[in-house]
Amino acid sequence: MTTGHPAGASPLSAADLAALRENLHEQLLFRREQLARLAEPVSSRAEGRRREDAGQLEVGVRLAASARMVLADVEAALRRMDDGTYGICRRCGRPMDRQWLTVVPQARDCAGCLRRRDGRR
């Protein structure tokens, strides 16, 4: 995929970056709120409800782990925005497609590199 941009140069406009930053910030707030809710004691989350069974507790643990991973990815993407490396694939060094970043704004790798990594062509 040739973009016409030199390696290491982002094809994103200032408006693209602003919209993506806003999206990432919303995700950041959502994930922090989600983690806070998941950390609340069961009794305050579900007054009058029977105790969660082991399966529900396992789901909560997995949700929290996933939320922490996404939160870390979002924070890293915001740091890349701040240091000017956002939108550059960490594997091939080429600019990522704007549409890809719109779908996965915290992406570290371009869609092509992810397909190659996963063995898909």
Side-chain angles (χ1 to χ4, degrees):
M1 173 173 100
T2 306
T3 60
H5 298 280
S10 176
L12 300 170
S13 70
D16 291 336
L17 285 170
L20 289 163
R21 183 180 292 275
E22 183 177 335
N23 181 310
L24 287 165
H25 186 68
E26 288 172 8
Q27 285 190 54
L28 181 85
L29 295 176
F30 172 79
R31 294 301 174 181
R32 285 178 177 168
E33 183 179 303
Q34 181 184 34
L35 285 167
R37 279 194 318 269
L38 289 168
E40 290 175 358
V42 172
S43 60
S44 70
R45 267 192 291 160
E47 285 290 332
R49 223 170 89 193
R50 278 192 262 163
R51 256 197 125 116
E52 293 178 330
D53 65 12
Q56 289 172 315
L57 288 173
E58 177 68 19
V59 168
V61 167
R62 288 177 186 243
L63 278 173
S66 177
R68 279 190 296 277
M69 283 181 10
V70 173
L71 179 61
D73 288 345
V74 168
E75 290 171 335
L78 288 166
R79 282 191 302 275
R80 288 191 304 276
M81 278 188 169
D82 291 341
D83 71 20
T85 61
Y86 181 80
I88 306 302
C89 179
R90 71 178 175 152
R91 293 180 184 270
C92 68
R94 293 187 189 124
M96 289 187 234
D97 183 67
R98 184 181 60 80
Q99 289 177 317
W100 173 243
L101 289 170
T102 300
V103 174
V104 188
Q106 69 273 19
R108 294 175 289 168
D109 303 324
C110 68
C113 283
L114 283 179
R115 281 192 299 274
R116 283 187 290 281
R117 183 196 77 188
D118 294 344
R120 296 176 279 165
R121 296 252 172 211

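What's counted below: heavy atoms across the whole structure, side chains too, no hydrogens, waters or symmetry copies. Keep in mind that what you see is a predicted model, and the values were worked out from it rather than measured.
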**Message:** R31 vs Q34, test: side-chain hydrogen bond (donor to acceptor under 3.5 Å, both in side chains). Steps then yes/no.
**Reply:** CA-CA 5 Å; R31 294 301 174 181; Q34 181 184 34; 2.8 Å; yes

**Prompt:** Going through the distances and angles, do M96 and I88 end up as a side-chain contact (heavy atoms from CB on, under 4.5 Å)?
**Reply:** CA-CA 6 Å; M96 289 187 234; I88 306 302; 5.9 Å; no

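Expressed to the nearest 0.5 Å, how far CZ of R94 lies from SG of C113 amounts to 7.5 Å.
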Under 3.5 Å, which donor-acceptor pairs do the side chains of residues 66-80 form with other protein atoms, sequence neighbours left out?
from, atom 1, to, atom 2, distance (Å)
R80, NH2, Q106, O, 3.2
R80, NH2, A107, O, 3.1

Side-chain donor-acceptor contacts of residues 15-26 below 3.5 Å, not counting sequence neighbours, with atom names and distances?
from, atom 1, to, atom 2, distance (Å)
D16, OD2, S13, N, 3.1
D16, OD2, S13, OG, 3.3
R21, NH1, D82, OD1, 3.2
R21, NH2, D82, OD1, 3.2
N23, OD1, Q27, NE2, 2.8

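A 4.5 Å side-chain heavy-atom check between R117 and R91 finds at least one atom pair inside the cut-off. Using a 4.5 Å heavy-atom threshold, the side chains of W100 and C89 count as separate.
Linking ILVMFWY side-chain heavy atoms closer than 4.5 Å, directly or via other members, places V59 and L38 in a single hydrophobic cluster.
Qualifying side chain to side chain donor-acceptor pair (under 3.5 Å) partners for R108, counting only residues two or more places apart in sequence or in other chains: none.
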